[in-house]
Asks: 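Provided herewith is a single structure, encoded as structure tokens, for subsequent inquiry.
The structure presented is a predicted model; accordingly, all values stated were derived computationally and were not measured. Numbers restart at 1 for each chain; the letters A, B, ... are given by sequence-line order, proteins then strands.
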Amino acid sequence: MAEMSKQYNPGEIEPRWAKEWVEKRLFEADAASRQPMFSLVIPPPNVTGSLHMGHMLEHTQIDILIRWKRMLGFNTLWLPGTDHAGIATQMVVERQLAEQGLDRRAMGREAFEKKVWEWKAQSGDTIKQQMIRLGASCDWSRERFTLDPGLSRAVRKVFVSLFEKGLIYRGKYIVNWCPRCQTAISDLEVVHEETQGHLYHIRYPVIGTDEYLVVATTRPETMLGDTAVAINPSDDRYAKFHGKAVRLPLMNRDIPIILDELADPAFGTGVVKVTPAHDANDFAAGQRHNLPQIDVMDETAKMNQNAGAYAGLDRFAARKRILVDLEAQGLLAKVEPYTLALGRCQRCHTVVEPRLSTQWFVKVAPLAEAALRAVEDGHTRFTPENYTKIYLDWMRNIHDWCISRQLWWGHRIPAWYCGSCGEATVSLEDLARCHKCQSASLTQDPDVLDTWFSSALWPFSTLGWPEKTQDLQAFYPTSLMITGFDILFFWVARMMMMGLEFMHDVPFREVYIHQLVRDAEKQKMSKTKGNVIDPLEVTEQYGTDAVRFTLAIMSPPGTDIVLSRDRMDGYRAFANKIWNAARFVFLSLEKAGAPAWIPPDDGSFVPVPGPEGELALEDRWICSRLSRLAAEMAKAWEDYRYDRAADLIYHFFWHEFCDWYLELKKLSFDAAPQNSAKMPPAFENLCRAFDVALRLLHPMMPFITEELWQRLAARDSSIALAPFPQHDRARLDEIAEKEMALLQEIIGNIRNMRAEKRVDARLKVAVELYAANGSAAHIGSQHRQAIERLANLSSLQLAAKPFNEQGGAVRSLPDFSLKIAVAEAVDLDEERARWRKEQQKLEQELTVLGRQLDNEQFLAKAPQHVVTNLRARREEVTTQLAKVRETLRKLG
RNA sequence: GGGCGAUUAACUCAGUCGGUAGAGUGCCAUCCUCACACGGUGGAAGUCACAGGUUCGAGUCCUGUAUCGCCCACCA
């Protein structure tokens with residue numbers, strides 16, 4: 001047997017198994033042979049190559065489920081990919097370009113795209129290495145899912161198909177425009193931020209009068225593009241201005257006063273300026289009233305020639321100048337502080353400018369309708385459930401989706417414009433000639449698609465769509481999608497829509513939304529804040545198993561995870577505890593000269609009886625507990641309660657297996673035959689119990705369990721492929737559990753008495769036990785040695801009669817009484833204080849019980865079993881209280 | 001503006017049928033007993049944010065208040 005150090009060293013064990021798993025290709029072996037199937041759609045790791053705790057959490061939860069399912073005999077497949085991580089890709093690309101001093105415009109599109117694919121491939125590999133290090137058992141070598149040339153074709157097909165159905169259209173609308181990225185972005189990519197700004201009140205002179213209309217705006221620079229002012233038709237204050245016009249200050253243009261619901265009489269002055277080219281609402285109003293659209297800015301948000309004297313100024317510089325000029329002309333009526341939700345670009349944080357431009361849109365209402373119904377009808381289920389509501393609300397209020405981007409990366413829009421006749425054609429194949437006039441002067445639309453457009457196809461494009469592949473047939477719809485709520489709308493909702501449209505079924509049966517990882521100050525971890533905990537650093541420090549376990553146990557659904565190093569420290573200790581429990585097992589076997597353990601074929605745990613058919617209490621008990629645990633953990637994982645599963649196995653391993661089972665086993669070992677050819681049952685059962693316990697723990701702590709499982713017996717397989725323990729009703733042993741509880745109670749009470757009497761922990765004392773009933777008598781006689789050993793006694797005598805004296809060295813409980821031989825004099829004051837406290841507690845409880853049981857309404861309305869339980873409890877408390885009072889009386 | 005969530009021990013959090021509150025860490029005492037001091041044993045510690053209500057009974061259900069956090073939103 002290889003040497004085991006006293007301290008578990010994950011740094012030594014983990015890399016070995018990570019490597020082993022990859023070489024063994026667990027998934028390939030597994031997928032080839034097993035049924036049924038379990039498939040997942042997996043969010044991609046960050047292509048930048050830097051991982052954060054969010055990824056670690058996500059992949060830990062995924063990996064736990066996959067390991068568990070695999071042990072249950074499921075054929076598993078996940079669809080991980082790097083292609084669709086467009087946002088991350090852009091970051092990589094930008095960084096790489098800058099580092100290499102390249103200019104994307106100069107290098108040309110083709111060369112640029114080639115470079116991008118190169119970088120993606122590289123970073124994908126970095127990720128692979130890192131994820132394996134973090135314990136993910138996924139096989140990253142499925143080339144077809146990582147670099148997928150087929151995706152471009154699928155994207156084009158989807159685009160054309162939607163276009164032909166009228167679900168994609170091209171039009172001139174107000175879109176969110178990022179002046180720095182110089183592209184349109186979708187509503188979802190705009191983050192709103194409460195900002196302290198100003199509301200400027202500006203006087204517009206009404207023509208033919210000496211009166212003014214005062215309009216309020218937060219963006220004065222847009223006034224240069226005003227083509228009307230609006231008042232509400234029902235607003236009597238301004239009835240006299242109906243049909244009149246105003247002179248637009250600074251531009252000296254006459255613009256009409258229109259009547260429109262756009263103006264809310266309750267807000268500000270009730271008059272609103274109308275700028276159709278720079279505001280979505282105004283745009284709509286402009287359409288209603290046939291107003292001209294005057295764009296006063298260029299794509300970098302500098303004022304253009306339409307801005308008259310202000311042309312060439314940046315929008316914010318222009319704002320300043322305009323305010324100064326208005327002030328000078330006495331047209332600035334008022335400036336008041338105003339809090340507004342300023343829209344910024346998700347990527348670069350630049351203030352977004354609503355801008356009039358021609359873009360491609362997806363008409364989402366019909367798609368959303370199907371996606372809505374699928375969830376309402378329960379074809380896809382959300383966990384936690386409250387996300388169902390969030391999803392449905394969003395789907396109901398969905399706007400059309402702007403899908404064209406003026407970027408250099410991504411799938412190009414398959415549309416061609418004819419230089420001769422102006423015809424626009426959408427086509428599956430590259431076009432050489434215009435369909436209409438046969439001209440060859442065609443140019444493809446320079447825009448690319450929103451990265452989420454191709455992502456939306458992931459569940460089926462990765463499986464070979466539009467070909468009717470076997471994969472598609474077998475794995476669509478997938479079983480599960482695990483992701484964070486931050487991309488619920490970006491990705492999940494859009495996969496739903498596209499899946500239903502093109503596959504006529506939902507892309508996944510279940511969606512599990514995981515938690516968000518926060519730092520100790522509850523701040524969202526982000527690189528800009530610099531509060532990130534680096535997964536590689538903490539796994540180095542605490543071990544992958546400990547970090548995984550921490551993430552699992554801190555993950556009740558619907559909450560955030562506040563990650564602390566203290567917790568990780570605690571679970572590193574847990575790993576160490578398991579390591580040492582194993583050391584004990586192995587050392588014991590070695591010492592007894594027991595032969596190597598040959599595990600049973602099925603890996604089940606049925607205790608092996610002794611020569612006379614007898615079974616030790618601890619074996620019956622641990623067997624019953626393990627069976628119960630298998631059921632409880634399976635249920636927990638079924639419900640995505642990683643926290644509960646982790647809590648169960650933690651408590652079991654430490655406080656049942658180590659604290660009691662191993663301690664009791666030490667006795668059987670002393671009695672077991674040495675150097676026998678066949679393994680004695682005492683050892684056999686221990687090995688089996690340990691084997692089963694390791695399997696239960698394996699999904700959460702894969703490395704240490706693999707290592708110990710391999711050491712436990714010679715194997716040619718992996719614990720990752722071993723069957724998960726099944727719950728078996730027949731293995732439950734209520735009697736053993738009750739007997740064990742009584743044994744624990746007796747030992748616990750003796751230990752407690754020792755501590756209270758301040759008996760030196762090293763001193764063995766004599767104790768007498770009076771059994772008030774058969775069960776206690778049985779335990780007292782059958783497990784005398786166990787009690788002596790675990791309570792550190794010189795002897796345990798069974799008393800024939802109840803003890804006369806009370807208090808001091810005697811303690812009475814319902815099932816038994818104990819008398820401890822104390823050498824030193826008992827501190828009576830301390831003793832009295834303890835009993836008084838006990839008396840007080842019991843009296844308090846009795847009052848509460850009495851209040852309920854003397855209440856007729858309670859007796860009439862409460863369920864029978866509650867009443868019965870409380871009655872029994874009252875009797876018990878009454879008896880105990882009487883004993884305590886008697887004790888106190890004797891103590892004086 | 002609309003919606004969602006949180007508030008329980010010193011700290012971080014469980015508590016999903018309403019039936020006198022749990023864990024881990026930390027703390028106190030004690031023990032380096034031949035698996036483990038990253039350990040053993042014992043112990044102390046809570047007006048379940050606040051105010052009402054429903055109920056025989058509320059941490060749990062309802063209403064309101066306060067504080068914190070998040071999501072969504074085209075009122076200038």
Asks: Going by distance alone, is a donor N or O of one side chain under 3.5 Å from an acceptor N or O of the other, for A:R572 and A:Q541?
Replies: no
Asks: Establish, with yes or no, whether the OP1 or OP2 oxygen of B:G24 is under 4.0 angstrom from a side-chain nitrogen or oxygen of A:R572.
Replies: no
Asks: So, is A:R567 close to the B:U12 phosphate, meaning a side-chain N or O under 4.0 Å from OP1 or OP2?
Replies: no
Asks: Within the pair A:K577 and B:G40, is there a side-chain N or O less than 4.0 Å away from OP1 or OP2?
Replies: yes
Asks: If you measure from the Lys or Arg side-chain nitrogens to the Asp or Glu carboxylate oxygens, is any gap between A:K666 and A:E618 under 4.0 Å?
Replies: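 Salt bridge: no.
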Asks: Looking at the side chain of A:Q852, which of B:G19, B:C36, B:G24 is the nearest nucleotide?
Replies: B:G19
Asks: Ignoring backbone atoms, establish whether A:Y338 has a side-chain N or O less than 4.0 Å from OP1 or OP2 of B:A76.
Replies: yes
Asks: Establish, with yes or no, whether the OP1 or OP2 oxygen of B:G24 is under 4.0 angstrom from a side-chain nitrogen or oxygen of A:H655.
Replies: yes
Asks: If the glycosidic angle sits within 90 degrees of zero it is syn, else anti. Tell me which applies to B:C17.
Replies: syn
Asks: Could you tell me which residues satisfy ring pair (Phe, Tyr, Trp, His ring centres under 6.0 Å) with A:H651, sequence neighbours excluded, listed by chain and number?
Replies: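 In terms of ring pair (Phe, Tyr, Trp, His ring centres under 6.0 Å), with neighbours along the sequence ignored, A:H651 is linked to A:H655.
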Asks: For B:C38, does OP1 or OP2 lie under 4.0 Å from any side-chain N or O of A:W654?
Replies: no
Asks: Represent RNA chain B in dot-bracket notation, 5' to 3'. Only Watson-Crick or G-U wobble pairs with both distances under 3.5 Å count; pseudoknot-style crossings use [ ] and interstrand partners use |.
Replies: (((((((..((((.....[..)))).(((((.......))))).....(((((..]....))))))))))))....
Asks: Please determine, by modelled atom types, if A:N232 and A:S234 share a side-chain donor-acceptor pair under 3.5 angstrom.
Replies: yes
Asks: Residues two or more places apart in sequence or in another chain: which of them pass side-chain contact (heavy atoms from CB on, under 4.5 Å) with A:T269?
Replies: A:H201, A:V214, A:Y238, A:V271
